[in-house]
Structures are given as C-alpha cells and as structure tokens.
Amino acid sequence: MVALVSCIAGLSNAASAAGGTTLYVDDSVGLDGDGRSWATAFVFLQDALAAAQAGSGVSEIRIGQGTYRPDRSSGTPGGSGMLTASFHVVDGVAVRGGFAGVVAADPDVRNPHLHPTVLSGDLFGNDASGAAAGVPGLTDNAYHVISAGGLREVTEWSGLIVTGGHFRPAGPGLGGAGLHLADGHLILSDCTFVNNLNTALNVPNGGGGAIHVTNGNLELIRCVFDHNRTGYPSGSSLWNGGAVFADLSTVTVRDCLFRDNVGAHGGGLDLQRSAADVRDSVFIDNLGGGGAMRVATSAEATIVGCIFDGNRRLAGSSGAHGGTLYFTGTGGTTADGHLVDCVISNGEANRGGAIYTAGNVELIVDQCVIHHCTANVGGAIAVWGGDVVVRQSTVADNVAQNANGGGAGRTDAGTLTFTNSVVWGNLPQAFVQAYVTLPVEASWCIVNGGWPGDVVMDVDPRFVDAATADYRLQKDSPAINAGNDDFIPPDTLDIDDDGDTDEALPLDLMGLARIVDGSLRPALTPLRTWLVDMGAHERPAP
C-alpha cells in the first residue's frame with residue numbers, strides 16, 4: 001500500500017554535476033567571500049544566484065543551515081524591504097540546502113531535518129506579532145519567496161524550508177506565495193512549504209497558497225505542505241489551491257505530505273486544465289471543497305497508493321461538497337480520475353464525504369477502502385454528474401445524515417457502479433438513486449440491505465475488526481472466492497512494476513497476491529471456479 005518516505009530524511013552528501021562549478025552559501029561565515037568554498041562562502045543566497053547566471057559554468061549551489069531572505073545581498077545586507085524581492089531560479093542550476101555548513105567539522109554533511117535551511121519571505125522578522133492562526137503577517141512580507149519562469153533545462157531545488165510568503169493583489173504574476181512557476185520544468189525534493197498565504201482573491205486563476213504553477217512541469221518529491229492558505233485568516237473569503245494550484249501544467253507528486261492547508265476548492269491541490277500523477281502520499285486535515293484535492297475544467301488525475309484522512313468541506317460556501325476529492329467538468333469541459341490502492345477515511349462534506357462528482361466526469365476507483373466518511377447526502381460518494389465506477393473495493397461504515405441520503409453512495413445525476421466490492425455498515429442505507437434512469441448498479445457484491453443486481457448478497461462479510469477499521473476478511477468470510485474473475489480491474493498503471501499492463505491487478509491493497517485459492521461454487525450458474533475475493537483485500541493463503 002503506501003510506503004511514505006520520511007519527508008525530511010537524512011540525505012547523502014550531494015555531488016556536483018559533472019564538469020560544473022559549485023558555489024557555497026552560509027550566513028555563519030564572518031566575511032562575504034567569493035563562494036568557491038565553505039571557508040569563502042557567500043553570506044547571501046542572492047549573491048550566489050547572481051554569480052550563477054548563464055555562462056558562468058556553475059551547476060550547483062550548496063546552502064548551509066540558516067535563514068535567508070530574498071531582499072538581502074552584499075549590496076543590501078540589512079535588507080531592502082522590497083516586497084517584490086524573490087529568489088529567482090537560475091536555469092539548470094541546482095540549489096541544495098540542509099548542509100551542516102562552516103559551524104560543523106564536516107560542512108558537507110547534509111540532513112535538512114538536522115540542519116534546516118530556511119528561505120523566508122518575512123522580510124522584517126515580525127511575523128510572530130503579525131501572525132494569526134499560524135498565518136504570516138499581512139502587510140510586509142515578500143509576494144513570492146521563490147520565482148521561476150522560462151526554464152529550458154530541468155532544474156532542481158531541494159532540502160529547503162520555504163515560509164512567510166504573502167501574495168496579494170499588488171503582487172507580480174499570479175498566486176504562489178512560496179513559489180510562482182511559469183513555463184519550465186522544476187523539481188522540488190525534500191522541501192517544506194509552511195505558513196504561506198495568498199489573499200489575491202480578485203486575480204483570475206490566481207490560486208495557490210504555497211505554489212502556483214502555470215504552463216509548467218512541476219515535480220514534488222518527499223515534500224511537506226503544512227498550514228498554507230488562500231484567503232484572509234479572519235474571514236471566509238478564500239481562493240483555490242490552499243497548498244498547490246496548477247493551470248495548464250503537469251504535476252507529479254511522490255511521497256509527499258499535505259497537512260492542514262486551506263482553500264475554497266482543493267485545500268491540498270487544485271488542478272485546472274492540468275494533469276497530475278499523485279502516488280504514495282498522505283493528505284491529512286486539509287479544508288476546502290475537495291479538502292484534499294479538486295480536479296476541474298479539463299483536468300485529470302491519477303492517484304495511487306495514497307492515504308486521505310480527516311479532509312473536509314469548507315462550511316458555508318460553494319466549496320461544501322467533496323470532503324476529500326472533488327471532480328467537476330462543467331461548461332463542456334471534462335474532469336477524469338483513476339484511484340488505485342487508496343484509503344479514504346473521516347472525510348466530511350455536505351455532499352460526498354469522500355468523493356463528489358459534478359458535470360462531465362469519468363472516475364474509476366479500484367481496490368480502495370472508503371470508511372467512516374460523513375455527509376448530508378452520499379456519505380462516501382455523491383454523484384451529481386458523470387460516471388463513477390467502483391471496482392474491487394471496500395466501502396464501509398460511512399454515514400449520510402439525511403434519512404434519504406445513501407451512506408455508501410447517492411446519485412442525483414450520472415451513474416454509480418459497483419463490482420466485486422464489499423459495501424457494508426453504511427447508514428441509514430447503502431444506496432439512494434434519485435432517478436431510476438440515473439442508477440446505482442451493483443454486481444458480484446455484498447451490500448448491506450441488499451440491492452438489485454447479479455450475485456448481490458446481503459450477508460455479514462466478517463471483517464477482521466471493523467471497530468478498528470481492519471477491513472481484511474476473516475477465513476470464514478462469505479466474500480472469499482465470491483467475486484467474478486472477469487471483473488478484476490486491469491493493471492493499466494502497472495502497480496507491480498513488472499511492465500505488464502494487460503494483466504489483471506496482481507496484488508491487493510496490502511501488496512499481497514490478488515488471487516490466492518479457489519473453491520467450486522455449485523450454487524452459481526454456470527458452474528465454474530471463482531478465485532478472487534470481494535473487496536480491497538485478498539485473504540492470505542492458509
């Protein structure tokens with residue numbers, strides 16, 4: 001399932017790119033040097049970036065632990081106070097923080113957790129007095145801590161803590177208080193974005209509390225996004241993408257953590273006219289319509305091996321739907337998604353505590369567990385448009401607060417289809433379809449209360465321990481060997497990395513063999529042997 005790597009882990013010593021020059025930055029050195037060694041390091045990052053411009057031969061900048069502000073350089077050592085000051089990414093030059101620096105016996109020892117390198121937009125160092133609810137001061141912080149545009153080479157920045165950016169209407173560009181990326185391929189690895197704020201509510205497509213990317217290719221690897229926000233801390237006016245907003249871009253997310261970010265839509269990640277591939281990441285306690293993620297307006301997302309917990313709606317706004325995930329394709333646009341091997345829990349919304357769809361949506365949910373989500377209608381899934389297909393999954397113990405709400409799912413427009421799945425313990429009933437022509441369909445499933453369809457059983461699936469959300473099957477579960485092999489989802493995303501995308505999913509949610517054994521089912525017609533278990537888990541071999 002998810003194997004989340006420690007987001008700020010110890011790193012090996014970094015090596016310079018072949019043939020390139022390395023510059024060094026350390027705010028602990030006594031005198032500003034030429035940057036060619038730790039002993040003669042630049043005091044200010046801006047000086048190193050200026051020295052690394054095109055034609056310089058510089059391939060890497062190493063930064064020692066400390067705090068660096070974008071308005072400071074050898075020319076303005078006390079800071080210029082210019083709100084437009086920003087660290088500009090130099091095309092093809094890697095920037096790496098987290099080094100022990102000159103205060104250590106070995107300055108090249110690198111561990112961003114032990115040796116934090118902070119890039120701060122708090123130009124005057126007064127955020128403690130101006131902060132509210134963990135958000136930076138509102139008047140004197142830099143618009144963008146980092147800026148990038150027109151990159152023609154793949155460029156990486158890593159091992160950095162980016163904080164204190166505050167983008168607002170007077171700022172240049174669009175959103176992204178921590179980083180604004182326009183046109184280029186940027187890799188961020190082992191970085192933390194914390195307490196960045198975007199209050200430019202009147203800027204079209206100007207979302208992104210921490211990061212805004214447009215016409216770009218952004219890779220996020222082992223990064224943390226914590227307490228970033230769009231909107232004013234004392235009010236309810238918000239914009240989209242509490243942590244990351246992407247428009248006309250490609251976003252790759254690996255082994256990342258999104259926690260306590262807030263946006264009107266897409267508390268963690270908001271996609272418009274973009275494609276995202278999100279894997280092995282965790283989304284916890286983010287807030288917005290699509291608390292963890294929104295996929296909208298000709299966007300698509302592939303989501304694999306992720307954990308979503310405690311993400312919830314933004315109360316009192318249009319973002320009250322889709323506690324965890326929100327897919328919407330309106331005005332002739334589409335929004336598509338594919339979830340595999342994910343766990344969604346404790347989501348909360350008006351419609352769809354786990355998932356809400358509206359408009360032209362094609363969403364496939366394979367081998368996932370959705371549990372303990374709550375909504376007024378559609379405790380787990382609310383379909384207000386589009387086609388949602390749930391295969392080989394377990395949807396359990398979700399609650400719709402409306403008496404006609406559908407704990408597992410409700411359709412008011414579009415269709416919702418379940419195959420080879422276990423749907424159990426959902427209240428006040430499993431499914432509700434508002435219109436017969438827009439149905440909920442089930443086949444080869446266990447459903448509490450029953451449901452019309454081929455081989456649908458109303459029988460206790462005998463989970464190992466539902467009280468602790470252990471939805472594996474006991475050895476005497478009626479779900480064992482009761483699925484239909486023909487409905488096992490295809491391994492189109494190559495979950496087992498064997499290069500075969502034509503096979504059926506070979507592994508279950510826990511990474512165990514998907515088919516273990518089989519038994520003859522004489523009650524079925526035609527007589528045949530069924531091997532696959534219903535639900536997200538396959539019973540381990542005896």
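- Checked by atom type and distance alone, the side chain of Ser477 pairs as donor or acceptor with a backbone atom of Ala479 at under 3.5 Å.
- Of the residues listed (Asp226, Asn196, Asn228), the one engaging Asn261 in a side-chain contact (heavy atoms from CB on, under 4.5 Å) is Asn228, and it is the only one.
- With Asn286 contributing its side chain and Val262 its backbone, the two residues share no donor-acceptor pair below 3.5 Å.
- Here the straight-line distance linking atom CG of Asp494 with atom CG of Asp500 works out to 7.5 Å at 0.5 Å rounding.
- Between the side chain of Asp458 and the main chain of Gly449, a donor-acceptor pair closer than 3.5 Å is present.
- Of the possible polar contacts, none joining the Ser443 side chain to the Thr419 backbone as a donor-acceptor pair under 3.5 Å is found.
- For residues 383-392, the set of pairs meeting the side chain to side chain donor-acceptor pair (under 3.5 Å) definition, not counting sequence neighbours, comprises Asp366-Arg391, Asp387-Thr415, Gln392-Asn420.
- Proximity of Leu218 to Leu188: side-chain heavy atoms (C-beta onward) are separated by under 4.5 Å at one or more points.
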With side-chain contact (heavy atoms from CB on, under 4.5 Å) as the test, would you mind laying out the steps for Ile344 and Cys373 before giving the verdict?
CA-CA 8 Å; Ile344 303 176; Cys373 293; 4.1 Å; yes
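- Counting only distance, with no hydrogens or angles, the side chain of Ser421 and the backbone of Phe418 share no donor-acceptor pair below 3.5 Å.
- If you take CD on Glu441 and OG1 on Thr411, they are separated by 10.0 Å, rounding to the nearest 0.5 Å.
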Report the C-alpha separation of Arg539 and Asp533 in whole Å, then their side-chain angles, then the decisive distance to 0.1 Å, and conclude whether the salt bridge (charged side-chain N to carboxylate O under 4.0 Å, His left out) test is met.
CA-CA 7 Å; Arg539 179 174 62 94; Asp533 298 349; 5.0 Å; no
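- Within the 4.5 Å cutoff, no side-chain heavy atoms of Phe308 are placed close to those of Ser345.
- Listed by first and then second residue, the salt bridge (Lys or Arg N to Asp or Glu O under 4.0 Å) pairs involving residues 367-378 amount to none (not counting sequence neighbours).
- Ion pair Arg472/Asp470 flagged as a salt bridge, since at least one NZ, NE, NH1 or NH2 atom sits closer than 4.0 Å to an Asp/Glu carboxylate oxygen.
- Not one N or O on the side chain of Thr252 forms a donor-acceptor pair closer than 3.5 Å with the backbone of Asp277.
- Between Asp280 and Arg254 no salt bridge is recorded (no basic side-chain N to carboxylate O distance below 4.0 Å).
- Side-chain atoms of Gln474 come within 3.5 Å of backbone atoms of Phe463 as a donor-acceptor pair (strictly under, hydrogens ignored).
- The shortest distance between side-chain heavy atoms of Val213 and Phe245 does not fall below 4.5 Å.
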Given Leu505 and Ile495, is the side-chain contact (heavy atoms from CB on, under 4.5 Å) satisfied, shown in steps?
CA-CA 7 Å; Leu505 276 178; Ile495 298 302; 3.8 Å; yes
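- Atom CG in Leu473 sits 8.5 Å away from atom CD in Glu538 (nearest 0.5 Å).
- In summary, the side chains of Asn240 and His265 do present a donor paired with an acceptor at a separation below 3.5 Å, with no hydrogens or angles considered.
- Ion pairing between a basic and an acidic side chain is recognised when a charged N comes within 4.0 Å of a carboxylate O; Asp190 and Arg222 show such pairing.
- Counting heavy atoms from C-beta on, the side chains of Asp397 and Asn426 never come closer than 4.5 Å.
- A side-chain contact (heavy atoms from CB on, under 4.5 Å) with Ile303 holds for exactly one of Val365, Val340, Leu339; it is Leu339.
- Checking side-chain atoms of Thr501 against main-chain N and O of Thr492 turns up no donor-acceptor pair under 3.5 Å.
- Between Ile284 and Leu257 the shortest side-chain heavy-atom distance falls below 4.5 Å.
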Tyr471 vs His537, ring-ring contact (aromatic ring centres under 6.0 Å, His included): CA-CA, chis, key distance, verdict
CA-CA 8 Å; Tyr471 294 109; His537 301 93; 7.8 Å; no
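- Applying side chain to side chain donor-acceptor pair (under 3.5 Å) to Asn346 and the options Asp285, Asp309, Thr324 leaves one that passes, Asp309.
- When all heavy atoms of Asp496 and Pro506 are compared, the pair lying nearest together is OD2-CG, 3.2 Å.
- Remark: the Gln367 side chain and the Asp341 side chain contain an N/O donor-acceptor pair separated by less than 3.5 Å.
- Using cut-offs of 30° and 60° for the angle between ring planes, the Phe431 and Trp451 rings count as perpendicular.
- Annotation: the span from Tyr356 atom OH to Arg410 atom CZ amounts to 11.5 Å, rounded to 0.5 Å.
- Contact check for Val244 versus Phe193: no side-chain heavy atoms found under the 4.5 Å cut-off.
- Considering every non-hydrogen atom in both Phe225 and Ala243, the closest pair reads CB-CB, 4.0 Å.
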Verdict with reasoning, Asp270 to Arg294, per salt bridge (charged side-chain N to carboxylate O under 4.0 Å, His left out)
CA-CA 5 Å; Asp270 192 77; Arg294 185 180 72 151; 2.7 Å; yes
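- The two atoms that bring Gly208 and Asn198 nearest to each other are O-ND2, 3.2 Å, heavy atoms only.
- Of the possible donor and acceptor atoms, none in the side chain of Asn111 sits under 3.5 Å from a partner among the backbone N and O of Gly98.
- You'll find the side chain of Leu287 reaches within 4.5 Å of the side chain of Arg312, heavy atoms only.
- With values rounded to the nearest 0.5 angstrom, Leu271 atom CG is found 6.5 Å from Met293 atom CE.
- With hydrogens and angles ignored, the 3.5 Å screen pairs a side-chain donor or acceptor of Asn398 with a backbone N or O of Ile370.
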Checking side-chain contact (heavy atoms from CB on, under 4.5 Å) for the pair Val278/Val304: CA distance, chi angles, key distance, verdict?
CA-CA 6 Å; Val278 183; Val304 180; over 6 Å; no
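- Here CD1 of Ile381 is found 4.5 Å from CD1 of Ile355. Values are rounded to the nearest 0.5 Å.
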Using side chain to side chain donor-acceptor pair (under 3.5 Å), reason through Thr394 and His371 one step at a time and then give a plain yes or no.
CA-CA 8 Å; Thr394 301; His371 69 94; over 6 Å; no
Test side-chain contact (heavy atoms from CB on, under 4.5 Å) applied to Asp336 and His338, step by step
CA-CA 7 Å; Asp336 299 333; His338 191 179; over 6 Å; no
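- Side-chain contact between Leu363 and Leu325 is absent, with no heavy-atom pair separated by less than 4.5 Å.
- By the neighbour-count criterion of 12 heavy atoms within 6.0 Å, atom CZ of Arg279 is densely surrounded, having more than that number from other residues, nucleotides or ligands.
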